Protein chains: 2
Amino acid sequence: MATRPIPLHSDPQSGPGAIEPIALTSLAEEAFVKLVQVITSGRYLPGQRLSESELARQLGISRGPLREALGRLEGRLVMRTPRIGIRVIDFRPEEVSQLFIVREALEGMAARLAAEHMTTSELAALGDLLEEHGRQQDISPGQAYHQGVGDDDFHFAIIKGARCEQLERLLLDGLYYQLRLHRLRASAQPGRAKEAFGEHREILAALLSRSPDAAEGCMRRHIRNARLNALSSIQASAASPRETRRQQRSY
Amino acid sequence: MATRPIPLHSDPQSGPGAIEPIALTSLAEEAFVKLVQVITSGRYLPGQRLSESELARQLGISRGPLREALGRLEGRLVMRTPRIGIRVIDFRPEEVSQLFIVREALEGMAARLAAEHMTTSELAALGDLLEEHGRQQDISPGQAYHQGVGDDDFHFAIIKGARCEQLERLLLDGLYYQLRLHRLRASAQPGRAKEAFGEHREILAALLSRSPDAAEGCMRRHIRNARLNALSSIQASAASPRETRRQQRSY
DNA sequence: AAACCCAAAACTGTTGACAGTCGTCAGTAT
DNA sequence: ATACTGACGACTGTCAACAGTTTTGGGTTT
């Protein structure tokens with residue numbers, strides 16, 4: 001299986017003297033990782049109700065650890081109704097917008113900090129990453145870039161570069177799971193990929209110039225544009241009720 | 001006992017059609033609220049190890065719900081070590097600083113949104129609140145204001161006024177618990193109260209002028225100052241090793 | 001006296017089971 | 001045919017108990 005013990009950000013040289021190489025992973029932790037994988041993979045429809053017993057049986061564990069994992073996912077990827085059960089979170093357009101607003105605030109700050117804290121070698125690696133993205137974009141133009149992991153890699157690198165564990169935790173453990181889930185349903189507007197790529201280059205330039213203000217400004221503009229794009233995309237899909245809008249609310 | 005079913009922000013008119021008046025509270029939920037109350041009240045020392053069995057016995061519940069509640073507090077108010085147990089979170093100076101940095105990002109955005117979304121009556125109420133604070137400050141000058149609930153009330157009102165549930169959740173469910181815990185140990189510098197009060201008035205003025213940029217700028221400056229004050233306060237207490245620094249690490 | 005080793009106690013992680021509640025559906029009345 | 005009532009089934013919330021590990025304390029050795 002080879003599941004990572006720590007959900008997303010597993011940097012070995014985090015704290016100065018923090019040595020915890022052998023991360024004894026509990027069943028609850030493993031269940032948490034598996035659940036994130038499964039839910040963000042789009043296997044279940046938004047709003048779909050999930051059975052604890054069924055999940056526990058499928059994961060091969062008891063309901064105790066599973067409930068702990070679900071408790072951690074509550075409000076992020078699943079919703080709980082007291083005596084009813086759990087269901088996959090179902091984003092309303094307003095909630096998606098708020099997701100981007102929070103991202104704008106946090107990642108803007110991350111870019112500001114990254115402009116001060118990222119090493120030159122890290123910045124060089126980020127430049128290489130962008131070049132690679134540019135080549136991929138030439139080959140397969142369209143919406144693959146903005147939705148794919150390429151976009152995430154760029155933002156991850158900057159979040160890491162901020163050297164702020166609290167920021168990392170909030171963004172990577174909370175928001176990015178939800179964002180990934182949202183992307184499964186919403187398709188980016190055509191042309192957005194090229195735009196996003198250009199904005200990434202602007203951000204990199206601001207980082208290279210070591211200007212916190214410019215870095216934060218560029219990042220916030222980038223995410224604000226992504227939000228507006230997501231919103232118009234949602235409205236478009238709501239206007240043409242294809243299969244996207246069908247939600248299985250079983251209650 | 002009259003425990004509130006929802007931890008902090010229990011506004012009755014939140015969503016447009018969100019009706020959930022009868023909140024069937026589970027034992028895990030109650031345990032969560034109680035644990036937040038107890039830990040943020042400073043009953044346990046930072047770093048102190050807690051026994052699950054002992055807590056369960058004191059709360060009069062089984063270990064199942066308690067473990068769920070502890071799982072939700074993990075990374076916020078308690079730290080877990082896989083086969084060892086849980087202990088009250090112990091802030092290093094850098095983590096306190098990061099707390100304020102995240103606050104600066106999120107509350108700055110909240111102020112921006114509040115400048116657009118708060119009603120005139122809400123702004124009037126906020127003005128009354130500040131006036132009240134001014135009178136209390138005249139009576140009892142010093143650090144009571146900045147550390148007390150008065151400061152929180154002001155910020156709460158603005159966070160509410162942003163009309164952004166995601167922002168609310170992150171700030172109120174996560175950061176403010178930690179902030180309260182930090183304040184138990186760190187004493188604000190003298191004179192900071194007056195400064196903070198003046199900054200609050202600036203923020204209110206920006207909100208009244210309906211200027212998002214000014215509101216965000218004032219709020220961020222306010223929180224940045226609070227961070228610098230907290231840091232110098234920590235360094236001062238570290239230089240004079242009084243009882244503040246004694247930590248009971250039982251491992 | 002200090003360091004080491006070993007056994008007992010305590011604790012965490014996990015499991016299976018039980019009670020109360022909710023959703024569903026057949027049956028009946030209108 | 002439609003609406004209401006009751007019981008059945010499934011599920012959530014909760015608890016007590018079990019296995020493996022960690023900590024602690026005493027006893028022994030150097």
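A note on names: the letters A, B, ... follow the listed sequences, proteins ahead of strands, and every chain is numbered from 1. This one's a predicted model, so the numbers in the text were calculated from it and none came from an experiment.
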Let me know the distance between [atom1] of [X] and [atom2] of [N], rounded to the nearest Å.
X       : N      : atom1 : atom2 : result
A:Glu68 : C:dT12 : CD    : P     : 12 Å
B:Leu70 : C:dC11 : CG    : P     : 15 Å
A:Glu52 : C:dT15 : CD    : P     : 14 Å
B:Arg67 : C:dT12 : CZ    : P     : 8 Å
A:Ile84 : D:dA10 : CD1   : P     : 17 Å
B:Leu55 : C:dG13 : CG    : P     : 13 Å
A:Arg57 : C:dG16 : CZ    : P     : 13 Å
B:Ile86 : C:dT12 : CD1   : P     : 7 Å

Show me the donor-acceptor pairs, under 3.5 Å and distance only, between side chains in residues 61-70 of chain B and residues at least two apart or in other chains.
unit_1	atom_1	unit_2	atom_2	d
B:Arg63	NE	B:Glu52	OE1	3.3
B:Arg63	NH2	B:Glu52	OE1	3.2
B:Arg67	NE	A:Glu68	OE2	2.8
B:Arg67	NH1	B:Glu52	OE1	3.4
B:Arg67	NH1	B:Glu52	OE2	3.0
B:Arg67	NH2	A:Glu68	OE2	3.1
B:Glu68	OE2	A:Arg67	NE	2.8
B:Glu68	OE2	A:Arg67	NH2	3.0

If we count only N and O atoms by modelled type, under 3.5 Å, do the side chains of B:Arg57 and B:Ser51 hold a donor and an acceptor together? no
Just the table, please: protein N/O against nucleotides 15-18 of chain D N/O, every pair under 3.5 Å.
unit_1	atom_1	unit_2	atom_2	d
D:dC15	OP2	B:Ser62	N	2.9

Produce the list of close N/O pairs, under 3.5 Å, pairing protein atoms with atoms of nucleotides 7-10 of chain C; give distances to one decimal.
none

Non-neighbouring partners of A:Arg43 that pass salt bridge (Lys or Arg N to Asp or Glu O under 4.0 Å), sequence neighbours left out: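 None.
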B:Arg103: salt bridge (Lys or Arg N to Asp or Glu O under 4.0 Å) partners, not counting sequence neighbours: B:Glu107
Should B:Ser53 be listed as having a side-chain N or O under 4.0 Å from OP1 or OP2 of C:dT12?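 Yes, such a contact exists.
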Nearest to the side chain of B:Ser26, heavy atoms from C-beta on, is which of C:dT14, D:dT12, D:dG13? D:dG13
Distance, nearest 0.5 Å, that separates [atom1] of [X] from [atom2] of [Y]:
X        : Y        : atom1 : atom2 : result
B:Gln166 : A:Leu99  : CD    : CG    : 5.5 Å
A:Leu179 : A:His155 : CG    : NE2   : 9.0 Å
A:Arg49  : A:Tyr44  : CZ    : OH    : 14.0 Å

Would you classify A:Leu50 as touching base, sugar-phosphate or nothing, given that sugar-phosphate means primed atoms plus P, OP1 and OP2, and contacts are heavy atoms under 4.0 Å?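 Contact class for A:Leu50: sugar-phosphate only.
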Tell me, please, whether B:Phe32 has B:Arg72 positioned over its six-membered ring: NZ or CZ under 6.0 Å from the ring centre and within 45 degrees of its axis? yes
Going by the rule side-chain contact (heavy atoms from CB on, under 4.5 Å), which residues pair with A:Glu95 if we only count those two or more places apart in sequence or in a different chain?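 Partners of A:Glu95 under the side-chain contact (heavy atoms from CB on, under 4.5 Å) test: A:Phe91, A:Arg92.
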